[in-house]
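Some notes on the structure that comes next.
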Amino acid sequence: MLDLNKIRNNPEEVARGLARKGVSAEAVNRILASDSAWRKATAETDRLKALRNDLSRKIGERKKAGEETEAAQAEVREIGEKIKQLGQEAAESEQLLHGLMLEIPNIPSDSVPDGPDESFNRVEKTWGEPPRLGFEPKAHDEIGVALGILDFERAAKISGARFVVYTGMGAALERALISFMLDLHTREHGYTEVLPPYLVKAHALEGTGNLPKFEADLFKVDGGAFYLIPTAEVPVTNLHRDELLEEDSLPMSYCAFTPCFRSEAGSYGKDTKGMIRQHQFHKVELVKYSKPENSYDELEKLVSDAESVLEALGLHYRRVTLCAGDMSFSSAKTYDLEVWLPSQKRFREISSCSNFEDFQARRANIRYRPSGGGKPRFVHTLNGSGLAVGRTVVAILENCQQADGSVAIPGPLRPYMHGQSHIAKR
RNA sequence: GGAGAGAUGGCCGAGCGGCCGAAGGCGCCGGUCUUGAAAACCGGUUUCCCGCAAGGGAACGGGGGUUCGAAUCCCUCUCUCUCCGCCA
């Protein structure tokens, strides 16, 4: 949620920022209109309430003195009716205003390049090189099926499209990656591991910005009482919802492994083959709560924490800054990490690291008290994948494939796989 | 699934129709004292809205009702806890 005062005081500036995300200035005008309607109705009800308070107090005094109060009571009753009417108007415009505010995306940071789509994203760095395989690389699904570690047909039999069954060393590789990533982030990068619920209430999703606008992307459970999380960002960012934190406790850094569930509505025909786009996948997520003045430094640290996973695994990747039009609803700045896939001969997203500034903190009401005392301020929230586990398996299968059809296991993972160096057909 | 209890300020907790934005404690901030700190003592310490200000209004989980007047009474929703049953 944006700061309403900022919209009131600098509507043109806000409109300019929103335009970069492709939102028309009309949205700002609608907010200003419902805001002034609300303020007008509120001011008038306040005036009437002051009057009622005053009269009621006098009635009480006169009753105590044994005086007649019928006429005065009738008068106040009438004022009460007016308050009820006007109060309803005020509540309606406030609800309208709130609804509009929830549908306005965050404003891109100044450091974000302009542009409507991914072709305007800016490549910041490239690490490593494509593997020199010396043969025509196979796609991960072909490799996995041939090795007997991925089974798409049986997954479809059970659950339909966009699911996979991992078997044997495939399942072990996924599990090894999860442990490796969690250990790296908790031991080397200072994150605290949390294991949150995978089912959340609507208000948690509203806090992160997934609701009300993107309900179609989610799986609803129990008639809508719960939603399956699309990412650990949701439960972990809401961990401190409605809390007033101490400044000394910031920054707070959490990492969480969870399954993620996405309906992928509207992605028909995209990445239908293989494991790139699934209804269910695993992710190790990094989440930070930061003081506003440090949040961009924290973003740099967070993205390099994510990069260190790719580097440890020896996977060729690049970092891009998403342009304004390609960023998500809630984000002020996003770096994507893209890993090289030899079979596609291109980079594919494997991590997305964002600073939401105070956008989510306003929605989830997460504040901190400055240590010298003073007014509470909203924290800044950040998160990033560290990494998407399924796509990491994809990258390893493709980048580490051998001429004989086996796959070399990256060194750091071997301790997590009983010292085994290869996955071969057995 | 059944039965009951509860939701008050940063935290704990009192209040149970007008004198309550709310006792008391803790925490925090400032001061006195001290070489410094602690302790003790004194003072301060919710948020939002309208207003240049003075000032006014709102908020005791959400919504509705009763009443001249609701933190306090009634209804309802949400959430939490306890006990019983079932269960990993």
Side-chain angles (χ1 to χ4, degrees), chain A residues 1-9 31-99 101-102 195-207 211-212 220-227 235 238-250 252 289 291 358 361-379:
Chain A
M1 193 140 62
L2 298 180
D3 181 358
L4 183 56
N5 276 316
K6 193 174 170 187
I7 300 178
R8 283 174 185 155
N9 299 331
I31 283 174
L32 289 174
S34 58
D35 178 48
S36 70
W38 168 67
R39 282 209 271 184
K40 199 177 152 206
T42 301
E44 182 59 11
T45 41
D46 282 359
R47 194 186 66 79
L48 288 173
K49 280 174 176 173
L51 186 62
R52 176 172 70 180
N53 287 346
D54 189 44
L55 293 175
S56 289
R57 204 173 302 123
K58 283 179 184 149
I59 289 170
E61 284 163 14
R62 283 162 63 187
K63 274 202 161 167
K64 226 171 255 174
E67 293 173 27
E68 177 59 48
T69 58
E70 248 331 298
Q73 288 188 28
E75 190 190 345
V76 176
R77 206 174 298 140
E78 221 167 280
I79 294 172
E81 287 304 312
K82 275 191 209 159
I83 290 174
K84 199 187 285 179
Q85 265 179 29
L86 268 172
Q88 225 150 43
E89 278 177 41
E92 275 165 27
S93 32
E94 187 179 20
Q95 215 177 356
L96 180 67
L97 176 63
H98 186 67
M101 289 296 286
L102 285 180
L195 205 159
Y198 309 150
L199 291 167
V200 296
K201 301 276 186 187
H203 63 256
L205 288 151
E206 196 177 291
L211 286 179
K220 252 198 254 193
V221 175
D222 195 18
F226 292 106
Y227 294 81
N238 280 282
L239 207 55
H240 296 289
R241 140 183 291 276
D242 293 321
E243 288 185 29
L244 188 50
L245 306 166
E246 293 300 332
E247 177 171 348
D248 296 345
S249 69
L250 299 173
M252 294 194 288
Y289 297 71
K291 285 193 276 182
D358 62 6
R362 278 178 197 284
R363 290 175 159 241
N365 189 29
I366 310 165
R367 298 170 300 164
Y368 75 97
R369 168 103 53 203
S371 35
K375 293 255 180 222
R377 303 172 67 196
F378 287 108
V379 302

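Residue numbers start from 1 in every chain, and the chains themselves are labelled A, B, ... in the order their sequence lines are given, proteins ahead of strands. What you see is a predicted model; the values in this text were computed from it and never measured.
Counting to the nearest Å, the C1' atom of B/U45 and the NZ atom of A/Lys375 are 11 Å from each other. With rounding to whole Å, A/Asn9 atom CG is found 11 Å from B/C49 atom P. Remark: C1' of B/G56 and CG of A/Leu51 are 12 Å apart, rounded to the nearest angstrom. At whole-Å resolution of the value, CZ in A/Arg369 and P in B/U45 are 12 Å apart. Remark: P of B/G27 and CD of A/Glu243 are 20 Å apart, rounded to the nearest angstrom. Residue A/Leu244 contributes atom CG, which lies 15 Å from atom C1' of B/C48 at whole-angstrom precision. Here B/C48 presents its P atom at 7 Å from CZ of A/Arg367, a figure rounded to the nearest Å. A/Asp242 places its CG atom 14 Å from the C1' atom of B/G9, with the value rounded to the nearest Å.
By the 4.5 Å heavy-atom criterion applied to side chains, A/Asp35 and A/Ile7 are not counted as neighbours. Contact annotation: the side chain of A/Arg8 approaches that of A/Arg39 to within less than 4.5 Å [non-hydrogen atoms, C-beta and beyond].
Separating the P atom of B/G44 from that of B/A23 is a span of 12 Å, rounded to the nearest Å. Rounded to the nearest Å, the gap between the C1' atom of B/U8 and that of B/A22 is 8 Å. Taking atom C1' on both nucleotides, B/A39 is separated from B/U34 by 11 Å, rounded to a whole Å. When the C1' atom is compared between B/A71 and B/G13, the two are found 14 Å apart, to the nearest whole Å. Remark: the separation of the P atoms in B/C20 and B/U78 is 36 Å, to the nearest Å. One C1' atom belongs to B/U45, the other to B/G9, and the distance between them is 11 Å to the nearest Å. The separation of B/C26 from B/G43, taken at their P atoms, amounts to 14 Å, rounded to a whole angstrom. Comparing the same atom, C1', in B/C77 and in B/C87 gives a spacing of 29 Å after rounding to whole Å.
The partner of B/U80 is B/A5, judged by Watson-Crick or G-U wobble contacts that both fall below 3.5 Å. Here B/G27 sits opposite B/U45 as a Watson-Crick or G-U wobble pair (both hydrogen-bonding atom distances under 3.5 Å). Using N1 to N3 plus N6-O4 or O6-N4 for Watson-Crick, or N1-O2 and O6-N3 for G-U wobble, each under 3.5 Å, B/G85 pairs with nothing. Partner assigned to B/U32 is B/A40, using Watson-Crick or G-U wobble distances below 3.5 angstrom.
Atom CE of A/Met1 and atom CG of A/Leu102 lie 6.0 Å apart (nearest 0.5 Å).
With A/Glu67 contributing its side chain and A/Arg62 its backbone, the two residues share no donor-acceptor pair below 3.5 Å.
Judged by closest nucleotide on RNA chain B, A/Thr42 is the one of A/Arg47 and A/Thr42 placed further toward the 5' end.
Here the shortest heavy-atom pairing between A/Arg363 and A/Arg241 reads O-NH2, 4.2 Å. When all heavy atoms of A/Tyr289 and A/Asn238 are compared, the closest pair comes out as OH-N, 4.1 Å. The heavy-atom pair separating A/Ala225 from A/Lys201 by the smallest distance is O-CD, 3.5 Å.
Closest to the A/Arg8 side chain, of the nucleotides B/C49, B/U47, B/C79, is B/C49. Ranking B/C49, B/C79, B/C50 by closeness to the A/Arg39 side chain, first place goes to B/C50.
Cation-pi geometry between A/Lys220 and A/Phe226 is not met at under 6.0 angstrom from the ring centre and within 45 degrees of the axis.
Note on A/Lys64: every side-chain N or O is 4.0 Å or more away from OP1 and OP2 of B/G18.
Sparse packing is recorded around CD of A/Glu246, with 12 or fewer heavy atoms of other residues, nucleotides or ligands lying under 6.0 Å away.
At the heavy-atom level, A/Arg362 lies nowhere under 4.0 Å from the strands shown.
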- Query: For every nucleotide of nucleotides 58-76 of chain B, 5' to 3': is a protein heavy atom under 4.0 Å from its base (B), only from its sugar-phosphate (S), or from neither (-)?
  - Reply: S------S--BS-------
